[in-house]
Number of protein chains: 2
Amino acid sequence: MMGGEKETTIYDIADKLNISAATVSRALKDHPRVNKNTKKLIIKTAAEMGYRSNSFASNLRKKSSNIIGLIVPRLNSNFMSDVIAGIEKVLNNNGYNLFISQSLETMTKEISNANAMLVNRVDGLMVSLAYDTTNIDHFEPFIKRNIPIIFFDRVFEQDACPQIYIDNYKAGYEITSHLIKQGSKRIVHITASQLRKVYADRLAGYRKALEDNGIEFNDDLVIINNLSSEAGHEAANHILQMDPLPDGVFSANDICAVSCMQTLKKNGISLPADMAFAGFNNDPLTCVIEPNLTTINYKGYEMGEVAAKQMISRLMSKDELEPAHSLILKYELIVRESSLRGNHNSPNNTLNEPQS
Amino acid sequence: MMGGEKETTIYDIADKLNISAATVSRALKDHPRVNKNTKKLIIKTAAEMGYRSNSFASNLRKKSSNIIGLIVPRLNSNFMSDVIAGIEKVLNNNGYNLFISQSLETMTKEISNANAMLVNRVDGLMVSLAYDTTNIDHFEPFIKRNIPIIFFDRVFEQDACPQIYIDNYKAGYEITSHLIKQGSKRIVHITASQLRKVYADRLAGYRKALEDNGIEFNDDLVIINNLSSEAGHEAANHILQMDPLPDGVFSANDICAVSCMQTLKKNGISLPADMAFAGFNNDPLTCVIEPNLTTINYKGYEMGEVAAKQMISRLMSKDELEPAHSLILKYELIVRESSLRGNHNSPNNTLNEPQS
DNA sequence: CTGTTAGCGCTTTCAG
DNA sequence: CTGAAAGCGCTAACAG
């Protein structure tokens, strides 16, 4: 930097106190084998001299950065910000810092983010994949170097890396079954890239629920887009073209569900009478849209915590042989008006059916 | 790291090619005075050997990190994620990386974030302040070292640092004037900590608009909270206690406005007939709530870009004397049904009145 | 165009 | 409990 005065180093402190740099280094790290008093004095002097530790030198020497990288598709969802808060809490408690970046749902950006993480020598990497990521070659350099990677939510099936997620198959099954119980027979499923297991699993659950209820799967009822708000409006227009109209919609996220509902309503569809609706994620939006949206709730904060704890435990165990330990977290189905049509063909009408 | 094989260094490459490390270093940095062919060879060999540059060593040597720190109150708003995308684009184009952290609206966390940034030796810092930050002592070490700081949106009045924001006074004035034109006379203002100039300015604009329209300012109509969704519900309950009821509400953000509207509606208040509503930020929520919410729109992406460009220009100019250059960005009032009551006491009824 | 050299500031044996 | 010394990997004069 251009700043006038020189940065003070441990040598400056050592000189001033007529001791060695080694002792200063130890004192600053609160090493046990340093005299209590000198330690106190060193810390005081360091503060007075405006000392700041030089992490470059320290990292260079230690060959570790105490930084964990995080790559997520987007930052701007409630879910993701909860995840991050959870991760940060656990990492900070363990003396690690977080280096966050977003792939904006493209593999290209994800690759360049991964490279930045590699060059900046993160000690570990936490990842939720972009829609269009087809392979994880860009993470190979980490795996090769034994830098732990944890996948969460949008995971990749990779034996070497722990994965934290929810049972999307089961959730898809439950939510579809619920719609069927409410009388829907012709159910549209809006989802995203089937490259991501999250979405493939939800679709599979949807299919199985149809099958178990004697409803034939119809490819034309599956809409694949990017689950954005705009995509929801388009999906609605698509749905309006269908003949006959569907009587239920299960969207793989809430944002898309909500904008889809808006457009349908504007076009005279009455919800849930004409069409039952369900989303996924329990975004705050679900309680603003009318009728309020039935959805799947799973705690981002907890997912963040769990993923970070996995990271810490991998970091601790130098033991390279420890197998990757994947975790499946809980979720709950939250039933709201958007799916309550009253005309059940089953006696089973629980208002809230938490996961068994 | 525990990883078995050693990391390859420029020396390994140099040895293999029987040249000096200096040349390798130059080639890898695309230094002009290196033979085209050797350069090509070096780059190829580096790739083959799985070389990754060691930023610790490089940064230590260069005394700069090419990392810009970013501290924001929260990540989970559309606005903030737009800002970040804008910042990232500009920084990446200029060879910088972004180190993001959130203060979660507390000064304590903001301080610890700032310290992490200091120790990790960011080359510059971009900040939007937490609600309860009363001073910026924690940024002094940066200023002292001539590490540029840019404040945006939630700025701090500090001569040494550029500030990027919108004219909140004017926006507050316009939105309040609009409500008055729509027939509101008893207008509640919901806002947050007056420590933040954004909110103080909006309040001041609100007061001035009242005054200019011959309406007396009433302290009891100002509600101060944290503008969260929960706070909105509470504000609604507070409003319901008022006697007489207000006939207009201007909330300093949309999230709070929306949840407030929800609770009021549940309690039989009809909007906008009984109460005209306006928010701030043009969050996607504004188009989901019914009636759609009148609000102020300003572009986060642009704010991010502008702020980052300021940063780059400060970084470029070693010239320490260049004065801080603050920028005031544009905004627009977006009028929607929530404030359209039809019973104007002024002939002026534009549906959309962009900033002059 | 290329090589030599001297550190950047810290941690960590190893010796006291 | 403390000190001496080596070296992490890279860059930037400087000298050819």
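Numbers restart at 1 for each chain; the letters A, B, ... are given by sequence-line order, proteins then strands.
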Query - A:Lys16, NZ: over 12 other non-hydrogen atoms inside 6.0 angstrom - result: no
**Report entry** Nearest-Å distance for atom pair CG/P, residues A:Leu28 and C:dT12
**Finding:** 14 Å
Query - Euclidean distance, atom CD1 of residue B:Ile10 to atom P of D:dA12 [Å, nearest integer] - result: 11 Å
Report summary line: Ranking B:Leu60 and B:Arg33 by the position along DNA chain C of their nearest nucleotide, the one closer to 5' is B:Arg33
Query raised in the report: In Å and rounded to the nearest 0.5 Å, what is the OH to OG1 distance from B:Tyr51 to B:Thr45?
Result: 13.0 Å
Query raised in the report: How many angstroms lie between CG in B:Leu75 and CG in A:Leu75, if you round to the nearest 0.5 Å?
Result: 4.0 Å
Query raised in the report: What about A:Arg26: does its side chain form a donor-acceptor pair under 3.5 Å with the base of D:dG3?
Result: yes
**Report entry** B:Phe56 six-ring face occupied by A:Arg61 cation (under 6.0 Å, within 45°)
**Finding:** no
Requested in this report: Answer yes or no: does a side-chain N or O of B:Ser20 lie under 4.0 Å from OP1 or OP2 of C:dT4?
Outcome: no
Query raised in the report: Is atom CG of B:Asn135 surrounded by more than 12 heavy atoms (other residues, nucleotides or ligands) closer than 6.0 Å?
Result: yes
Query raised in the report: Base, sugar-phosphate, or nothing for B:Thr9, non-hydrogen atoms under 4.0 angstrom?
Result: sugar-phosphate
Query raised in the report: B:Ser58 has a side chain; which of D:dA5, D:dT11, D:dC8 sits nearest to it?
Result: D:dT11
Requested in this report: Using whole Å, report how far NZ of A:Lys29 lies from C1' of D:dC1.
Outcome: 19 Å
Report task. Quickly work out the A:Asn59 CG to C:dC8 C1' distance and round it to whole Å. Result -> 14 Å
Report summary line: B:Asn18 atom CG is separated from C:dT2 atom P, nearest whole Å, by 14 Å
Requested in this report: Using a 4.0 Å heavy-atom cut-off across all strands, classify B:Phe56 as base, sugar-phosphate, or nothing.
Outcome: nothing
**Report entry** Minimum-distance nucleotide to A:Tyr11 side chain [options: D:dT11, C:dG9, C:dC10]
**Finding:** C:dC10
Report task. Output the single nucleotide from C:dT12, D:dG3, D:dC10 whose closest atom is nearest the side chain of A:Lys62. Result -> C:dT12
Query raised in the report: To the nearest Å, how far apart are B:Ile19 CD1 and D:dG16 C1'?
Result: 17 Å
Query raised in the report: What is the distance, rounded to the nearest whole Å, between atom CG of A:Asp30 and atom C1' of D:dC1?
Result: 15 Å
Requested in this report: Specify the separation, in whole Å, of atom CZ of A:Arg52 and atom P of C:dC8.
Outcome: 16 Å
Report task. Give a yes/no on whether any side-chain N or O of B:Ser25 is located under 4.0 angstrom from OP1 or OP2 of D:dC10. Result -> no
Requested in this report: Please determine if B:Glu105 and B:Arg196 form a salt bridge, counting it only when a charged side-chain N lies under 4.0 Å from a carboxylate O.
Outcome: no
**Report entry** B:Arg61 side-chain proximity, nearest of C:dC8, C:dT4, D:dC8
**Finding:** C:dC8
Report task. Have a look at A:Thr38 and say if it touches a base, only the backbone sugar-phosphate, or nothing, with a 4.0 Å heavy-atom cut-off. Result -> sugar-phosphate
Requested in this report: Look at the side-chain N and O atoms of A:Lys63 and state whether any lies under 4.0 Å from the OP1 or OP2 oxygen of C:dT11.
Outcome: no
Requested in this report: Select from B:Pro32 and B:Arg121 the residue whose nearest nucleotide in DNA chain C is closer to the 5' end of that strand.
Outcome: B:Pro32
